Trainee: 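Once you've had a glance at the structure underneath, I'll fire off some questions.
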There are 4 protein chains.
Amino acid sequence: MMHLDPNHPKPIYEQIILNIKKEVLQGILLPGEKLPSVRTLAKDLSINPNTISKAYKELENQEVIISVKGKGSFVRNIEPENTRSVQDEKKLKQQLREWLVEAHYLQVPLKTIYQWIDEEAQENLHGN
Amino acid sequence: MMHLDPNHPKPIYEQIILNIKKEVLQGILLPGEKLPSVRTLAKDLSINPNTISKAYKELENQEVIISVKGKGSFVRNIEPENTRSVQDEKKLKQQLREWLVEAHYLQVPLKTIYQWIDEEAQENLHGN
Amino acid sequence: MMHLDPNHPKPIYEQIILNIKKEVLQGILLPGEKLPSVRTLAKDLSINPNTISKAYKELENQEVIISVKGKGSFVRNIEPENTRSVQDEKKLKQQLREWLVEAHYLQVPLKTIYQWIDEEAQENLHGN
Amino acid sequence: MMHLDPNHPKPIYEQIILNIKKEVLQGILLPGEKLPSVRTLAKDLSINPNTISKAYKELENQEVIISVKGKGSFVRNIEPENTRSVQDEKKLKQQLREWLVEAHYLQVPLKTIYQWIDEEAQENLHGN
DNA sequence: GTGGTCTAGACCACT
DNA sequence: GTGGTCTAGACCACC
């Protein structure tokens, strides 16, 4: 079950997006699988359906899922040719750069950073 | 000279904070050195002095600089005893976790991530 | 109701911060409880919303409350792990030192000081 | 020799006031003793004479010293009948109250507070 | 409705 | 001239 923190600084719909992406990565949600409907997920998480709707729309924009009128929303394949755009990469790198300034400022050693990444990578990718 | 993008998702005052932190890390701004005054920096960047003020105040909260009424704002020493708190570390790790989900989703290989970090580390820490 | 004195040497936004901290300590505001919105509190106290906003932001920095866009501001739990840092303690002690010089100069006996502290402690901590 | 910290949030003239009061309390400066002249003290501390002047004027207002034209400034007796006014006491108590809110919030135990006071009292009063 | 950011312009305290 | 506070009013993102 998805974990949401209403007191998180990140808006709820972004938390949902992140969670679903994570489940796809981890193979909990498989390509072609049907996602819960907007209304049922909203009920399960006891939040506003509009918020779920916004998350699903954004996931469709990012080509993670596909919504079919009258049928539901489904996980898309991660197509290898859907390789990241130059823009995506630039954005990611920029975000990393900003994070590193903070980390360096707080004197986190490089070794620790590598360790954190390895821990997380194992969880997300387990075998990919 | 500092580069600001008013259309960036990050608010201007945070861009300023990041820029100054980076300059401190890189040794462009040295401990004790005087920062440009609120008003002159505002004029140089053609933004409102209050925005600069907000950035400087936050930098003072984070103990990066110190502002003295009537005198100006100055870079503080990075005291080794000012080690990061448990909460700081938790926050950093959480941010990293979210970034990694994105990166994995876009299929950035671990190797590339390490490379990006090394590049940036060299720029920020040059030998530390 | 909160009491504010515009002619106080302490800025208004700091008076608000102190008041809210006190109410949290005294259990008037409970963890998770919603604070009045920036706008309504501003109207109630007949001051500018930006001033409230400044106070709330600082309270969020100090991890007393948490503000969520579109939802409101809420009292956080005081986590026992969020122990004070060395710097916090240093700052507190320095402030106390300066206060004591004044008190000694005005010949307040130690006994009276202890009495004042006990009175206040009872109000703030009521049994903790 | 007096210790001044130009990077302290407290204005320099207040630091001077506090220092002189402390020296009077500790018996380093005795009643009737001549203080250094504005100009020589300014030179010794390498700060602006106006700042010293402001401090001395305030000390005269608070009846700690007395300035005689053409002769210099001198430490006054702490006269027992110069007992603190009701106003002074109210102000002191108010300041203490605010400090205690912070201390309680940061979970400093009462015992620790007493300890801090005792340490400081010994330094300031040594035998009074 | 909520909080967050930014501008414009004012006044104050300190050096 | 310096930073700090406050007001007034605007626009944005989120729920």
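Everything quoted here is computed from the prediction, not taken from an experiment. Keep in mind that the numbers below use all heavy atoms, side chains included, and drop hydrogens, waters and symmetry copies. Below, chains carry the letters A, B, ... as their sequence lines are ordered, and counting in each starts from 1.
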Trainee: State whether Thr51(C) places a side-chain N or O below 4.0 Å from either non-bridging phosphate oxygen (OP1 or OP2) of dT5(F).
Mentor: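 For dT5(F), neither OP1 nor OP2 has a side-chain N or O of Thr51(C) closer than 4.0 Å.
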Trainee: As a test of reading the structure: which of dG3(E), dT15(E), dC15(F) is closest to the side chain of Lys71(C), going by heavy atoms?
Mentor: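 Closest of the options to the side chain of Lys71(C): dC15(F).
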Trainee: Would you indicate what Ile47(A) reaches in the nucleic acid, counting non-hydrogen atoms under 4.0 angstrom: base, sugar-phosphate, or nothing?
Mentor: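 Result for Ile47(A) = nothing.
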Trainee: Rounded to whole Å, please give me the gap between NZ in Lys43(C) and P in dT2(E).
Mentor: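 Result: 11 Å.
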Trainee: Starting from P on dG4(F), measure out to CD1 on Ile66(B) and report it in whole angstrom.
Mentor: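 Distance, rounded to whole Å: 10 Å.
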Trainee: Relative to the 5' end of DNA chain F, which residue comes earlier, Lys10(C) or Thr40(B), by the nucleotide with the nearest heavy atom?
Mentor: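 The residue mapped nearer the 5' terminus is Thr40(B).
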Trainee: If the threshold is 4.0 Å, N to carboxylate O, is there a salt bridge linking Glu120(C) and Lys22(C)?
Mentor: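 Judged by the 4.0 Å cut-off on N to carboxylate O distance, Glu120(C) and Lys22(C) do form a salt bridge.
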Trainee: Using side chain to side chain contact (heavy atoms under 4.5 Å, CB included) as the criterion, point out the one residue from Leu18(C), Ile12(C), Asn19(C) that pairs with Ile16(C).
Mentor: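 Among Leu18(C), Ile12(C), Asn19(C), the one meeting side chain to side chain contact (heavy atoms under 4.5 Å, CB included) with Ile16(C) is Ile12(C).
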Trainee: Rounded to the nearest Å, what distance is computed from the CD1 atom of residue Ile52(B) to the P atom of nucleotide dT5(E)?
Mentor: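 Atom-to-atom, Ile52(B) to dT5(E), this comes out as 15 Å.
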Trainee: Separation of Gln15(A) atom CD from dC15(F) atom C1', in whole Å?
Mentor: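 Distance, rounded to whole Å: 13 Å.
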Trainee: Distance from Glu102(B) atom CD to Arg97(B) atom CZ, nearest 0.5 Å?
Mentor: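 Here the rounded value is 15.0 Å.
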Trainee: Output a table of nitrogen or oxygen pairs between the protein and nucleotides 9-13 of chain F separated by less than 3.5 Å.
Mentor:
{"from": "dG9(F)", "atom 1": "O6", "to": "Asn50(C)", "atom 2": "ND2", "distance (Å)": "2.9"}

Trainee: Could you spell out the base pairing of DNA chain E as a dot-bracket line? Use Watson-Crick and G-U wobble contacts where both distances are under 3.5 Å, [ ] for crossing pairs, | for partners on a different strand.
Mentor: ||||||||||||||.
Trainee: Roughly, in whole Å, what's the span from CG in Asp5(C) to P in dT5(F)?
Mentor: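 After rounding, the gap between these two atoms is 16 Å.
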Trainee: Closest approach to the side chain of Ser37(C), judged atom by atom: which nucleotide of dT2(E), dG4(E), dT15(E) is it?
Mentor: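 Between dT2(E), dG4(E), dT15(E), the one nearest the side chain of Ser37(C) would be dT2(E).
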Trainee: Are side-chain heavy atoms of Leu35(C) and Phe74(C) found at a separation under 4.5 Å?
Mentor: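 Not touching, per the 4.5 Å side-chain cut-off.
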Trainee: Side chains of Glu58(C) and Asn61(B), heavy atoms from C-beta outward: is any pair under 4.5 Å?
Mentor: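 In contact.
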